[in-house]
Amino acid sequence: MIIEKKDNFHLDEDVVPGALKPLMEEFQDFILLRNTYHAAIREVSTKLEILDDEFQVRYDYNPIHHMECRLKSPRSLFEKLERKGLEIEIASIYQITDMAGIRVICNYIDDVYAVASLLLKQDDIKLIRRRDYIKEPKESGYRSLHLVVEIPVFLSDKTEMVPVEIQLRTIAMDTWASLEHELKYKRSGGITPEMEEELKDCANAMAEVDRRMEEIHKAL
Ligand code: GTP
Ligand code: MG
């Protein structure tokens, strides 16, 4: 699991000049909020690990190939607030549902739906949004099951319901999404419409491979 090093921030009243205090307080609120999102990621990823472990013990099979966790970086948060026309302030962060993100990479399409439904059955998980880009792939060819769930995080003075975005996909879908992202966003100049069509073809080919591999798996 990759989560960046934890921030520590303690507001030392004596060393902060008066004029800077509001800024420092805002900064401290931001660090505290990030810590809460970090806690939510740990809670949801632990639930997923527990489900995967149980499958291992019960059926000698792991539906989850691996997971990737991430807290949105301040840079990408600012970019998103700007893109959505939101003020750069703490209050705006509550309108962003992907501050905490977990990517769950499964072996087969069936595993994606099984893991999602077992997680959503849990009492303390509240479903906020479900988008099935496997049944209805995006125009680009992108496939994944997206869930936004809320989970309670118990803090010293309150309990916060914290949103976590979960992207569930197969290994093949993940391979395509990673490479497509790399090609599309990391190269200057962008890609041509012909390349976009080619990428879509690749996505369809990957989907066909997923379907065929799953048949072999089921036949065994
Ligand atoms: P955002 O405002 O960008 O979060 O869009 P949205 O709220 O409409 O969310 P959406 O359901 O489109 O999911 C956004 C996330 O899904 C992105 O941050 C990517 O991780 C992933 N995603 C969506 N479309 C694509 C795509 O075409 N290619 C790749 N590689 N990833 C995608
Ligand atoms: Mg999003």
Side-chain angles (χ1 to χ4, degrees), residues 1-4 33-34 37-38 40-41 44-45 48 64-106 109 112-113 115-116 119-120 125-151 161-210:
M1 176 188 306
I2 307 157
I3 290 184
E4 66 194 60
L33 192 60
R34 268 172 75 81
Y37 281 106
H38 185 188
I41 288 178
V44 177
S45 62
L48 292 162
I64 298 178
H65 184 269
H66 72 281
M67 278 193 274
E68 291 162 18
C69 302
R70 71 113 181 81
L71 253 182
K72 205 176 197 64
S73 68
R75 183 198 165 142
S76 122
L77 171 65
F78 294 146
E79 279 170 7
K80 186 152 188 174
L81 291 178
E82 204 140 64
R83 180 156 56 85
K84 303 235 162 193
L86 295 165
E87 291 290 321
I88 307 286
E89 59 187 17
I90 302 266
S92 302
I93 298 177
Y94 292 100
Q95 300 190 46
I96 305 278
T97 50
D98 67 344
M99 273 296 285
I102 302 182
R103 201 165 273 160
V104 185
I105 293 99
C106 297
I109 297 174
V112 164
Y113 290 109
V115 169
L119 181 74
L120 293 174
I125 289 269
K126 185 175 163 208
L127 179 66
I128 302 297
R129 193 174 71 207
R130 181 181 188 277
R131 286 192 186 148
D132 191 341
Y133 299 128
I134 297 175
K135 292 222 165 68
E136 282 176 66
K138 292 192 105 169
E139 186 50 34
S140 60
Y142 176 79
R143 287 167 171 81
S144 283
L145 176 64
H146 285 199
L147 306 174
V148 176
V149 301
E150 265 184 0
I151 178 133
M161 292 300 288
V162 183
V164 177
E165 183 178 282
I166 309 172
Q167 301 179 347
L168 299 109
R169 52 173 80 144
T170 62
I171 300 169
M173 293 170 194
D174 189 54
T175 302
W176 183 90
S178 309
L179 296 180
E180 187 255 10
H181 185 264
E182 196 266 335
L183 291 167
K184 234 178 193 165
Y185 302 100
K186 306 240 166 109
R187 304 278 158 99
S188 55
I191 62 169
T192 64
E194 290 76 25
M195 289 170 175
E196 251 170 54
E197 274 312 304
E198 183 68 7
L199 278 168
K200 213 163 151 174
D201 273 358
C202 291
N204 290 333
M206 297 296 243
E208 173 65 7
V209 169
D210 257 342

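Both ligands and their constituent atoms are indexed starting at 1 by order of listing.
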Counting from 1, what ligand 1 atoms have a heavy atom of [X] closer than 4.0 Å?
X    : answer
Q167 : 15 (C), 16 (O), 19 (C), 20 (O), 21 (C)
R83  : 2 (O), 3 (O)
K138 : 10 (P), 12 (O), 23 (C), 24 (N)
A177 : 30 (N)
K80  : 1 (P), 2 (O), 4 (O)
K84  : 2 (O)
Y133 : 10 (P), 11 (O), 12 (O)
S140 : 26 (C), 27 (O)

Using heavy atoms and a 4.0 Å limit, tell me yes or no: is [X] in contact with ligand 1?
X    : result
K184 : no
K72  : no
E139 : no

> side chain to side chain contact (heavy atoms under 4.5 Å, CB included) with P163: which residues, sequence neighbours excluded?
Replying inline: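 If we apply the side chain to side chain contact (heavy atoms under 4.5 Å, CB included) test to P163, skipping adjacent residues, the hits are Y37, V148, E150.
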>> Holding to side chain to side chain contact (heavy atoms under 4.5 Å, CB included), I want the full list of residues that pass it with S144, two or more places apart in sequence or in another chain.
In response: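 Side chain to side chain contact (heavy atoms under 4.5 Å, CB included) check on S144 returns Y142, H146, R169.
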Is the shortest heavy-atom distance from the side chain of [X] to the side chain of [Y] under 4.5 Å?
X    : Y    : result
R131 : E136 : no
I166 : L119 : yes
D174 : H65  : no

>> Do the side chains of D98 and K80 get close enough for a salt bridge, i.e. N-O under 4.0 angstrom?
In response: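 Salt bridge flag = yes for K80 with D98.
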>> If the threshold is 4.0 Å, N to carboxylate O, is there a salt bridge linking E196 and K200?
In response: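 Answer for the salt bridge query: no.
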> If only atom types and distance count, is the side chain of W176 paired as donor or acceptor with the main-chain N or O of N204 below 3.5 Å?
Replying inline: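 Looks like no, no N/O pair under 3.5 Å.
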> Taking atom 7 (O) of ligand 1 as the point of reference, which of R70, R131, H146 owns the nearest heavy atom?
Replying inline: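 Closest candidate by heavy-atom distance is R131.
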